[in-house]
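Worksheet for the structure shown next.
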Amino acid sequence: MSASAETAAADLRPAQHAHSVMHCNLNTVDGARAAAFAMAVFGLDPRMRSVSTDDDSTSLGLDKSTASVTTFLYDRRGPRAVPAVEFVEWQRPVAQPAEPGMRPSAFVSLGYRVASLSRLQNRLTTLGHTGEPVAGGLRVRGAIWPGLKVSDPDGVTIEVVEIPPAETDPAGGLISHERMQCTDLTRSIAWYGSIGWAVRARGTDEGTPWASLRPAGGPDVLAGAGGAGRRRDRIAPAGQHPRPVPDRARGRRRARGAHGTRAGVG
């Protein structure tokens, strides 16, 4: 297909189809501390800072007038190549630590990939953190990779997988995936399909269904399901562009610091 034909085909895509994810927001009770952790452990670079003094946040389940400070960090591939990890420190309402057992409906964990888990584990130990190896590894991009989990200073679960780097990959941790859960995997896949995401792989692990998805022209997303009690499906992007779902389950007067997320899609 010629370049002009490819451009014409791209122009025929529905306007609502997403081709990438712009950012992943994580609420925090201390933006400087959260950013310092990501910088020290994964080598992320802070690129900019945004101060909001009177925003309408009703779409997030908060008030019409809120105030926050957001720090934008990228891995070493930089802006436009990967989404930003944005730490949002709420000042009005003041962010509160998540209470035990409190989880949003979708977000489970944010993931990075590294060339060596042992080197990362040594770095975590030096910094006073403990990484827990995952027996049997973690499924990312439809395959099982050696992995570990660690909590950031706000209690957010961070997954790290060891994947051989490409020749062009820069040093340091690279944004890899986000794991999410849902109550109906088929319905969620259909919703993502409506904005241009496609299933790359799908299967079941020990009774837990999963699917690897990717946006048009972008990397993958992983989804899984299962667990005791009410059946829940879990979705987790597994590529370079995590796609979290907005957390609308917060009270209107408080912003929970540890687990709330939202995203921008381009």
Are Tyr112 and His177 an aromatic pair, judged by ring center distance below 6.0 Å? no

Quick one: side-chain contact (heavy atoms from CB on, under 4.5 Å) partners of Ala84, sequence neighbours excluded? His23, Phe72, Tyr74, Glu86

Tell me the closest heavy-atom pair linking Gln91 and Val94, and the distance in Å. O-CG2, 3.4 Å

Do Trp145 and Pro164 come close enough that some side-chain heavy atom pair is under 4.5 Å? yes

Distance-only side-chain donor-acceptor flag, Thr58 / Asp56, under 3.5 Å: yes

For Thr28 and Ala34, work out which heavy atoms get closest and say how close. OG1-CB, 3.7 Å

Could you check whether Glu162 pairs with Arg113 (Lys NZ or Arg NE/NH1/NH2 to Asp/Glu carboxylate O, under 4.0 Å)? no

Considering only heavy atoms from C-beta outward, does the side chain of Asp154 approach that of Arg33 to under 4.5 Å? yes

Could you measure the distance from the CZ atom of Arg123 to the NE2 atom of His129? Nearest 0.5 Å is fine. 12.0 Å

Distance from Ser116 atom OG to Asn122 atom CG, nearest 0.5 Å? 8.0 Å

Residues that, via side-chain heavy atoms closer than 4.5 angstrom, fall in one hydrophobic cluster with Val51: Val69

Any link between Val134 and Ile144 through a network of hydrophobic side chains (Ile, Leu, Val, Met, Phe, Trp, Tyr) touching at under 4.5 Å? no

Donor-acceptor under 3.5 Å (Arg47 side chain, Thr71 main chain): no

Considering all heavy atoms, the nearest Ala211-Ile189 contact: CB-CD1, 3.6 Å

Between Leu26 and Val88, is any pair of side-chain heavy atoms under 4.5 Å apart? no

In this structure, are over 12 heavy atoms from other groups packed under 6.0 Å from Arg49 atom CZ? no

Thr157 versus Ser109, side-chain donor and acceptor atoms under 3.5 Å: no

Quick one: does any side-chain atom of Gln121 pair with a main-chain N or O of Gly131 as donor and acceptor, under 3.5 Å? yes

Roughly how far, to the nearest 0.5 Å, is the OG1 atom of Thr70 from the CH2 atom of Trp90? 7.5 Å

Return the CG to OG distance between Leu62 and Ser68, rounded to the nearest 0.5 Å. 9.5 Å

What distance separates Asp152 CG from Phe87 CZ, expressed to the nearest 0.5 Å? 6.0 Å

Non-hydrogen side-chain atoms of Phe107 and Val156 separated by less than 4.5 Å: yes

Are the side chains of Val85 and Leu110 in contact, using a 4.5 Å heavy-atom criterion? yes

Test item: side-chain donor near acceptor, Asp63 and Thr66, under 3.5 Å: no

From Arg80 atom CZ to Met22 atom CE, the distance as rounded to the nearest 0.5 Å: 9.0 Å

Per side chain to side chain contact (heavy atoms under 4.5 Å, CB included), Arg76 is matched among Asp45, Val82, Asp169 by Asp45

Min side-chain heavy-atom separation Trp210-Thr204 under 4.5 Å: no

Please step through side-chain contact (heavy atoms from CB on, under 4.5 Å) for the pair Leu124 and Val150, ending with a clear verdict. CA-CA 9 Å; Leu124 287 170; Val150 63; 4.3 Å; yes

Minimal non-hydrogen separation, Asp75 against Leu44, with atom names: N-CG, 4.0 Å

All heavy atoms of Val114 vs all of Gly173, minimum pair found to be CG1-CA, 4.0 Å

If hydrophobic clusters are built by linking Ile, Leu, Val, Met, Phe, Trp and Tyr wherever their side-chain heavy atoms come under 4.5 Å apart, do Val41 and Leu174 end up in the same one? no

Side-chain contact, heavy-atom cut-off 4.5 Å: Arg77 with Ile175? yes

Checking salt bridge (charged side-chain N to carboxylate O under 4.0 Å, His left out) for the pair Asp54/Lys64: CA distance, chi angles, key distance, verdict? CA-CA 8 Å; Asp54 186 22; Lys64 287 186 176 181; over 6 Å; no

Give a yes or no answer on whether the side chain of Asp55 reaches the backbone of Ser57 with a donor-acceptor pair at less than 3.5 Å. no

Give the minimum heavy-atom separation between Gln96 and Val29, together with the two atoms involved. C-CG1, 3.9 Å

Hey, does Arg92 have a side-chain heavy atom less than 4.5 Å from the side chain of Ser65? yes

